[in-house]
2 protein chains.
Amino acid sequence: MNTSRSPELDDVDWKILAELQADARLSFNELSRRIHLSAPAVAERVRRLEESGVIAGYAARVAPAKAGQPMMAFIQLRCKLSRCLLKTAAADDFPEITEVHKLSGEHCTMLKVRAASLVHLEGLIEQLGEHGEMRTHIVLSTPYEDRPLTPVTADRDVSGADGWTGTGR
Amino acid sequence: MNTSRSPELDDVDWKILAELQADARLSFNELSRRIHLSAPAVAERVRRLEESGVIAGYAARVAPAKAGQPMMAFIQLRCKLSRCLLKTAAADDFPEITEVHKLSGEHCTMLKVRAASLVHLEGLIEQLGEHGEMRTHIVLSTPYEDRPLTPVTADRDVSGADGWTGTGR
DNA sequence: AATGAAATCCGACGCGA
DNA sequence: TCGCGTCGGATTTCATT
């Protein structure tokens, strides 16, 4: 596939992405109105963004609290050398695990989990704890989540980023 | 609003949520076909899910790597007693910050950040570090993300969850 | 700009807790 | 009875050529 060398998103692409990240169900008509472009032109750009994989899909955002799972926690696992829990598919057995990340550092795995209650969370932690040392951080509140992805270039300059927008490779 | 007492999602609701989390752009026709319900009935359920806030919105899922931001990290901040960085809106100044969570424990804030490169990430960490002690975990890979929310009840039983599906209101 | 398809809205009927 | 799903048809809106 063309994993490398994305076709360089321009300003219009980013405007489209911003709109679609805020509301994936916009019609091409409405979208074209906001972007100030013709409908077919917008449709063609969206098609290209989908095909190149920049737009990976469209998902309904479900509010966990409203769906009976108000509790959230981050769990870092420090695994025995060889077997790392979740080595492969162990995460499939736990619907409560919403994210799995492999980390650098001594705690090799970062989980984000959801639970219906403190009791539920307690049971979950107990089960996961069997696989190795762990560190748990219960989330009290979430000021920001699902922040849309925005372009990283241009006006705001991060010290050290002198032309390195090309991701490496 | 009715933050409390969600109308109890039934199996059909969860099937709808599963489908819409996988593809938010399904037509009601297609959706009704998969759920084995009539289109108007499905539309009515979806409308109710939206109104009750269970469905918070619909978002295009943008692949960060394809959009020029392949790097990701978790950053825990340990803040000075009074001012906690991001006390309010400081996160708005950093588009790289995609999530902000308040934690229990000694490190009061958990950030998830995206960056275009290691150099970019380095600069970002340097800037955030001015606000207090921090602990950074660079993500090497992400086996699971955006796992859809699923019902927590029933067949799989977590020790300690004996009827406590009700979230504690 | 025009065509064909699909969604939304409406009222009425049947079924089951 | 009341809630919920189904059916049929009219109108608007969208996607595509």
Side-chain angles (χ1 to χ4, degrees), chain A residues 7 9-63 65-69 148, chain B residues 1-63 66-67 148-155 163 165-167 169:
Chain A
L9 308 179
D10 62 16
D11 299 340
V12 179
D13 288 323
W14 278 112
K15 287 186 66 174
I16 291 176
L17 289 179
E19 294 291 344
L20 286 182
Q21 285 181 95
D23 183 359
R25 297 197 124 181
L26 286 177
S27 67
F28 291 128
N29 275 344
E30 180 60 26
L31 195 51
S32 69
R33 241 166 270 143
R34 304 189 185 185
I35 306 294
H36 302 297
L37 232 63
S38 77
V42 168
E44 178 58 18
R45 278 180 181 263
V46 171
R47 193 196 60 76
R48 211 169 299 171
L49 288 170
E50 291 170 346
E51 196 174 23
S52 66
V54 174
I55 294 181
Y58 303 90
R61 296 190 298 105
V62 175
K66 298 291 182 68
Q69 301 181 40
Chain B
M1 325 295 177
N2 54 353
T3 67
S4 56
R5 190 180 49 263
S6 34
E8 272 305 305
L9 307 180
D10 61 16
D11 298 340
V12 179
D13 289 323
W14 278 112
K15 286 186 67 174
I16 292 176
L17 290 179
E19 294 291 343
L20 288 182
Q21 285 181 97
D23 183 357
R25 295 198 127 181
L26 286 176
S27 70
F28 290 118
N29 271 340
E30 180 59 27
L31 194 53
S32 67
R33 233 165 278 139
R34 304 189 186 185
I35 306 294
H36 302 297
L37 231 62
S38 78
V42 169
E44 177 59 18
R45 277 179 179 268
V46 171
R47 193 197 60 76
R48 213 169 298 173
L49 288 170
E50 291 170 346
E51 196 174 23
S52 66
V54 174
I55 294 180
Y58 303 90
R61 296 190 297 105
V62 175
K66 298 291 182 67
L149 208 67
T150 57
V152 71
T153 59
D155 51 3
T165 62
T167 91
R169 114 165 327 318

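Reminder, nothing fancy here: chain letters follow the sequence lines and each chain counts from 1.
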With a 4.0 Å limit, can you tell me whether [X] has a side-chain N or O closer than that to the phosphate oxygens OP1/OP2 of [N]?
X     : N      : result
B:N29 : C:dA6  : no
B:R45 : D:dG5  : yes
B:R48 : D:dC4  : yes
A:S27 : D:dT13 : no

Could you state the atom-to-atom distance from [atom1] of [X] to [atom2] of [N] in whole Å?
X     : N      : atom1 : atom2 : value
B:E44 : D:dC4  : CD    : P     : 9 Å
B:L37 : D:dC4  : CG    : C1'   : 9 Å
B:L31 : C:dA7  : CG    : P     : 10 Å
B:R25 : D:dC14 : CZ    : P     : 13 Å
B:L49 : D:dC4  : CG    : P     : 12 Å
A:R33 : D:dC14 : CZ    : C1'   : 10 Å
B:E8  : D:dC4  : CD    : P     : 14 Å
B:R47 : D:dC4  : CZ    : P     : 11 Å

Would you verify whether the NZ or CZ of A:R45 falls within 45 degrees of the ring axis of A:F28 while also being under 6.0 Å from that six-membered ring's centre?
no

Using a strict cut-off of less than 4.0 Å between a Lys/Arg side-chain nitrogen and an Asp/Glu carboxylate oxygen, indicate whether A:R33 and A:E30 qualify as a salt bridge.
yes

Salt bridge between A:R47 and A:E44, side-chain N to carboxylate O under 4.0 Å?
yes

Choose from D:dC14, D:dA15, D:dT6 the nucleotide whose nearest atom is closest to any side-chain atom of A:F28.
D:dA15

So which of A:I35, A:L49, A:V46 actually passes side chain to side chain contact (heavy atoms under 4.5 Å, CB included) with A:D13?
A:L49

